[in-house]
Amino acid sequence: MAKKVKIKKTNDERILDQHKVPYEEYQFNWIEKGASALTEAEAAGVPAGSILKTIVLQANGDPKDYVVVCLPLEHSIDLKLVAHELGKKQLHLADNKNLINITGYVHGENTPIGINIRKGFPIYFDERIQAFDKIAVSAGKIGRSVYLKRADLVNLVKGQYIQVEK
């Protein structure tokens with residue numbers, strides 16, 4: 001009989017467990033396979049529009065004013081529109097080299113779960129994701145995602161919906 005390998009939970013999965021938020025864990029080896037994240041996720045039965053990327057933005061050049069926007073992988077973010085939506089003068093991408101110091105995660109691991117719970121950054125979601133009952137976000141480790149009810153995630157991180165692209 002083959003031995004089942006127990007996968008160590010990420011801190012973000014432990015946060016979900018502590019808050020009694022049900023989720024499914026997915027591991028994607030798309031980098032190793034030379035595929036795309038969307039191809040791998042769709043093969044696992046996760047609709048493309050429900051797979052979110054987490055973008056960390058710095059407001060007004062203030063080193064203490066960060067916001068996080070989650071949007072479908074296949075879409076782009078309009079920084080001027082989001083700045084207007086949030087009442088900020090200007091937004092730009094946070095420095096990738098400094099992400100670990102800003103969020104506690106390296107590029108590719110950022111997740112609204114840990115960033116909000118540990119750092120308290122406000123979380124905003126692309127309003128288009130309201131069309132999905134379940135969404136996938138990073139579990140805080142490259143190649144690892146959690147698939148959970150959209151409402152559960154938005155409630156957990158006290159998220160708000162905004163328009164992120166025209």
Side-chain angles (χ1 to χ4, degrees), residues 7-19 21 23 25-32 36-38 40-41 49-129 135-148 150-166:
I7 298 172
K8 186 178 176 186
K9 289 190 177 203
T10 66
N11 288 334
D12 291 45
E13 290 166 337
R14 285 194 272 294
I15 290 169
L16 292 172
D17 291 343
Q18 288 168 355
H19 288 89
V21 174
Y23 62 92
E25 178 224 294
Y26 285 94
Q27 292 209 103
F28 299 109
N29 297 317
W30 58 275
I31 296 172
E32 294 169 18
S36 76
L38 287 174
E40 282 283 301
S50 71
I51 305 164
L52 307 186
K53 57 186 170 185
T54 303
I55 308 293
V56 181
L57 303 171
Q58 187 175 17
N60 306 323
D62 182 344
K64 294 183 183 189
D65 191 359
Y66 293 99
V67 297
V68 176
V69 177
C70 299
L71 66 152
L73 282 178
E74 61 202 10
H75 290 287
S76 299
I77 190 167
D78 180 334
L79 293 175
K80 286 184 180 180
L81 175 63
V82 172
H84 177 74
E85 287 274 315
L86 302 181
K88 305 283 185 184
K89 184 177 178 181
Q90 180 183 358
L91 288 172
H92 64 274
L93 296 174
D95 180 15
N96 270 347
K97 294 177 200 161
N98 199 25
L99 274 177
I100 188 80
N101 296 323
I102 297 167
T103 66
Y105 299 93
V106 297
H107 179 73
E109 292 181 349
N110 281 292
T111 170
I113 300 162
I115 293 173
N116 176 262
I117 300 296
R118 286 197 203 104
K119 298 290 186 172
F121 292 171
I123 309 292
Y124 299 94
F125 293 93
D126 185 334
E127 64 188 8
R128 291 175 285 203
I129 71 161
I135 54 175
V137 295
S138 171
K141 183 177 179 184
I142 293 175
R144 185 101 153 252
S145 295
V146 289
Y147 192 51
L148 68 164
R150 173 187 43 81
D152 287 348
L153 176 63
V154 173
N155 289 335
L156 176 67
V157 301
K158 299 170 187 71
Q160 296 178 43
Y161 296 105
I162 62 170
Q163 183 179 0
V164 302
E165 185 180 52
K166 288 183 184 183

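- Using bins of under 30°, 30° to 60° and over 60° for the plane-to-plane angle, the ring pair Y147/Y26 lands in the perpendicular bin.
- To the nearest 0.5 Å, atoms CG (L91) and CG (L57) are separated by 5.5 Å.
- With values rounded to the nearest 0.5 angstrom, I51 atom CD1 is found 8.0 Å from E74 atom CD.
- Taking both residues in full, the closest heavy atoms of A94 and L99 are given as CB-CD2, 4.2 Å, listed atom of the first, atom of the second, then distance.
- Contact of the D17 side chain with the K9 side chain is registered, since non-hydrogen atoms from C-beta on lie closer than 4.5 Å.
- Using modelled atom types, one side-chain atom of N60 and one backbone atom of Q90 make a donor-acceptor pair closer than 3.5 Å.
- By the 4.5 Å heavy-atom criterion applied to side chains, V82 and Y124 are not counted as neighbours.
- In terms of heavy atoms, L81 sits closest to E165 at CD2-N, 3.6 Å.
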T54 and Y105: CA distance, side-chain angles, deciding distance, side chain to side chain contact (heavy atoms under 4.5 Å, CB included) verdict: CA-CA 11 Å; T54 303; Y105 299 93; over 6 Å; no
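- Contact of the D152 side chain with the L16 side chain is not registered, since no non-hydrogen atoms from C-beta on lie closer than 4.5 Å.
- Between the NE2 atom of H84 and the CD1 atom of I162 there is a distance of 11.0 Å, given to the nearest 0.5 Å.
- In this structure, V21 and L153 have side chains that are not in contact, with every pair of non-hydrogen atoms separated by 4.5 Å or more.
- Distance check, rounded to the nearest 0.5 Å: CD1 of I55 to OG of S76 gives 9.0 Å.
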Stepwise side chain to side chain contact (heavy atoms under 4.5 Å, CB included) check, L71 with K53: CA-CA 6 Å; L71 66 152; K53 57 186 170 185; 3.8 Å; yes
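- Separating the CD1 atom in I115 from the CG atom in N110 is a distance of 4.0 Å, to the nearest 0.5 Å.
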Side chain to side chain contact (heavy atoms under 4.5 Å, CB included) between L73 and L52, worked out: CA-CA 5 Å; L73 282 178; L52 307 186; over 6 Å; no
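- Look at D12 and R144 and you find no salt bridge, because none of the NZ, NE, NH1 or NH2 atoms lies under 4.0 Å from a carboxylate O.
- Here the closest heavy-atom approach between residue K88 and residue D65 is recorded as NZ-OD2, 3.0 Å.
- Every residue two or more places apart in sequence or in another chain that forms a side-chain hydrogen bond (donor to acceptor under 3.5 Å, both in side chains) with H92 is listed here: Q58.
- The structure places CD of Q160 at 8.0 Å from CG of L86, a figure rounded to the nearest 0.5 Å.
- The side-chain heavy atoms of V154 and Y161, taken from C-beta on, include a pair separated by under 4.5 Å.
- Within the 3.5 Å criterion, the main-chain N or O of A139 finds a donor-acceptor partner in the side chain of T10.
- Between S138 and V146, the closest heavy-atom pair is O-CG2, 4.4 Å.
- Residues I102 and F121 meet the side-chain proximity criterion, which asks for heavy atoms closer than 4.5 Å.
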Derivation of the side chain to side chain contact (heavy atoms under 4.5 Å, CB included) call for V157 and F125: CA-CA 11 Å; V157 301; F125 293 93; 3.8 Å; yes
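- Annotation: side-chain hydrogen bond (donor to acceptor under 3.5 Å, both in side chains) contacts of D126 (sequence neighbours excluded): R128.
- Pairing each heavy atom of N11 with each of R14, the nearest pair is OD1-NH2, 2.8 Å.
- Between the side chain of N116 and the backbone N or O of P112 there is no donor-acceptor pair closer than 3.5 Å.
- Residue I15 comes nearest to G114 through the heavy atom pair CD1-CA, 4.3 Å, listed as atom of the first residue, atom of the second, then distance.
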